[in-house]
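A quick write-up on the structure given underneath.
Residue numbering restarts at 1 for every chain, and letters A, B, ... go by the order of the sequence lines. In this text, all values refer to a predicted model and were calculated from it rather than measured experimentally.
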Amino acid sequence: MKPYELITILGPTASGKTSFAARLAHSLNAEIISADSRQVYRQMDIGTGKDLSDYEINGNIVPYHLIDILDAGEKYNVFAYQHDFHQAFSQICRRGRTAILCGGTGMYIEAVLKGYRLLDVPENKELRSRLENKSLQELTQILASYGALHNTTDVDTAQRAIRAIEIADYTQVKNAHKTDFEPLNSLIVGIDIPRDIRRKRISERLHSRLKEGMLDEVQQLLAQGISPDDLIYYGLEYKFVTLHAMGQLGYNDMVQQLEIAIHQFAKRQMTWFRGMERRGFRIHWLPYDMPAEQRISQVTAWYNHT
RNA sequence: GGGCAGUUACCAGAGUGGCCAAAUGGGGCUGACUGUAACUCAGCUGUCUUUCGACUUCGGUGGUUCGAAUCCAUCACUGCCCA
């Protein structure tokens with residue numbers, strides 16, 4: 001069996017994966033590569049639950065990558081992630097250290113582990129405005145007219161169909177090259193947390209983040225000129241708090257709806273991880289409440305024995 | 001004490017004699033996803049059954065009727081108004 005090239009730690013939000021990954025990294029003299037589609041943004045700290053203090057173990061900062069690499073409001077996507085991941089990964093390898101991929105964005109994790117072949121397709125505003133008012137049926141026809149589909153994403157909504165057309169169109173016109181990253185052999189560890197405890201933690205964490213100034217964080221982003229729509233697109237915290245800031249949602253409704261949305265998000269994350277297992281990834285689940293030292297020695301043993 | 005309104009599945013809430021296991025929304029569960037993924041979308045959600053279907057439900061009880069969530073009586077509870 002081929003030796004592991006890295007360790008992946010995954011789990012739903014509020015499962016404690018970051019603090020575990022940091023302790024593990026500290027113990028293995030490893031570095032962490034984040035797999036979180038929202039923590040890439042600077043100034044989006046409380047709402048994305050960055051908890052940068054988690055990376056400090058016994059006074060040492062565990063090196064981490066792909067956090068705070070973009071300004072809020074900028075665009076990011078799987079392609080960029082795949083690229084950035086490999087840049088960080090090869091640096092870490094060059095230093096002779098172990099890389100720990102840790103995060104909750106299932107698609108980003110799968111993209112790098114599986115070696116998705118992607119193309120850097122920028123947003124095509126002209127194309128989008130042209131497709132804006134078309135029905136899903138029309139869009140499906142347009143997409144079909146491009147011939148071979150370049151992906152297998154469910155094209156079940158106009159939004160997804162438009163992006164698929166954008167990609168098909170770009171592929172044709174520019175004749176661009178796809179990324180060519182190899183799949184990676186990773187030990188995958190999942191943090192297993194019972195649903196009721198996960199839900200309880202999510203609720204508690206939401207309330208403490210509100211106390212920590214989550215509303216101010218959003219206010220500040222708005223004050224800097226970031227458009228409400230962009231913030232709303234970021235989802236969850238940024239969506240509901242922005243709606244509240246814009247006067248479209250009362251405080252209590254915001255808290256209530258946001259809490260529900262985060263629970264639903266955590267469920268979707270689990271659906272993705274189970275899907276990965278169905279697609280052939282072996283995930284080693286460890287209980288969320290197993291003592292850290294025990295988890296570290298277990299993971300270390302798995303990692304070394306491949 | 002008197003008057004009126006109400007009591008429907010986890011919640012909200014339609015339904016006012018047969019087409020009702022009961023609209024719709026929310027929640028919950030399961031799932032899809034190689035492209036903005038903290039997105040977006042789909043299915044299920046009384047019980048048993050893979051399906052067909054069978055069975056038990058619409059506050060309790062007792063009636064009317066071929067047939068009742070729907071009509072009548074009565075009891076209980078809730079809300080509002082008058083005392």
Identified pairing partner of [N], criterion: Watson-Crick or G-U wobble below 3.5 Å:
N	result
B/G1	B/C82
B/C71	B/G63
B/C41	B/G31
B/C55	B/G46

Taking only heavy atoms on the protein side, list every residue of [range] lying under 4.0 Å from any atom of RNA chain B, sorted numerically.
range	value
residues 209-239 of chain A	A/Tyr233, A/Tyr234, A/Gly235, A/Leu236, A/Glu237
residues 192-205 of chain A	A/Arg195, A/Arg199
residues 43-55 of chain A	A/Gly47, A/Thr48

* Asked: Less than 3.5 Å between a donor and an acceptor, one on the side chain of A/Arg128 and one on the base of B/U36, is that the case here?
  -> yes
* Spell out, as yes or no, whether a donor-acceptor pair under 3.5 Å connects the side chain of A/His284 to the backbone of A/Ile188. => yes
* Say whether, by atom type as modelled, one donor and one acceptor occur between the side chain of A/Asn304 and the main chain of A/Thr300 under 3.5 angstrom. => yes
* To do: Quick one: label A/Thr271 by what it contacts on the DNA or RNA (base, sugar-phosphate, nothing), any heavy atom closer than 4.0 Å.
  => base
* Look at all strands and tell whether A/Ile260 reaches a base, only sugar-phosphate, or nothing, counting heavy atoms closer than 4.0 Å. => sugar-phosphate
Rounded to the nearest Å, what distance is computed from the [atom1] atom of residue [X] to the [atom2] atom of nucleotide [N]?
X	N	atom1	atom2	answer
A/Arg279	B/U34	CZ	C1'	10 Å
A/His263	B/C10	NE2	P	20 Å
A/Phe265	B/C41	CZ	C1'	16 Å
A/Glu123	B/C39	CD	P	18 Å

* Asked: Any salt bridge between A/Glu237 and A/Arg38, counting N to O under 4.0 Å?
  -> no
Just to confirm, is there a sub-4.0 Å distance from OP1 or OP2 of [N] to any side-chain nitrogen or oxygen of [X]?
X	N	answer
A/Arg163	B/C39	no
A/Arg38	B/C39	no
A/Arg274	B/G31	yes
A/Arg160	B/A37	no
A/Lys267	B/U30	no
A/Tyr76	B/U36	no
A/Gln159	B/C41	no

* A/Tyr81 vs A/Phe85 aromatic rings, parallel, tilted or perpendicular, using cut-offs 30° and 60°? -> tilted
Minimum side-chain heavy-atom gap [X]-[Y] below 4.5 Å:
X	Y	answer
A/Ile260	A/Gln264	yes
A/Leu231	A/Tyr233	no
A/Thr242	A/Leu221	no

* Asked: Cation over ring, A/Arg282 on A/Trp302, under 6.0 Å and within 45°?
  -> no
* **Aromatic ring proximity A/Tyr41/A/Tyr234, centre distance under 6.0 Å** => yes
* Asked: C1' atom, B/U30 versus B/C80: distance in rounded Å?
  -> 44 Å
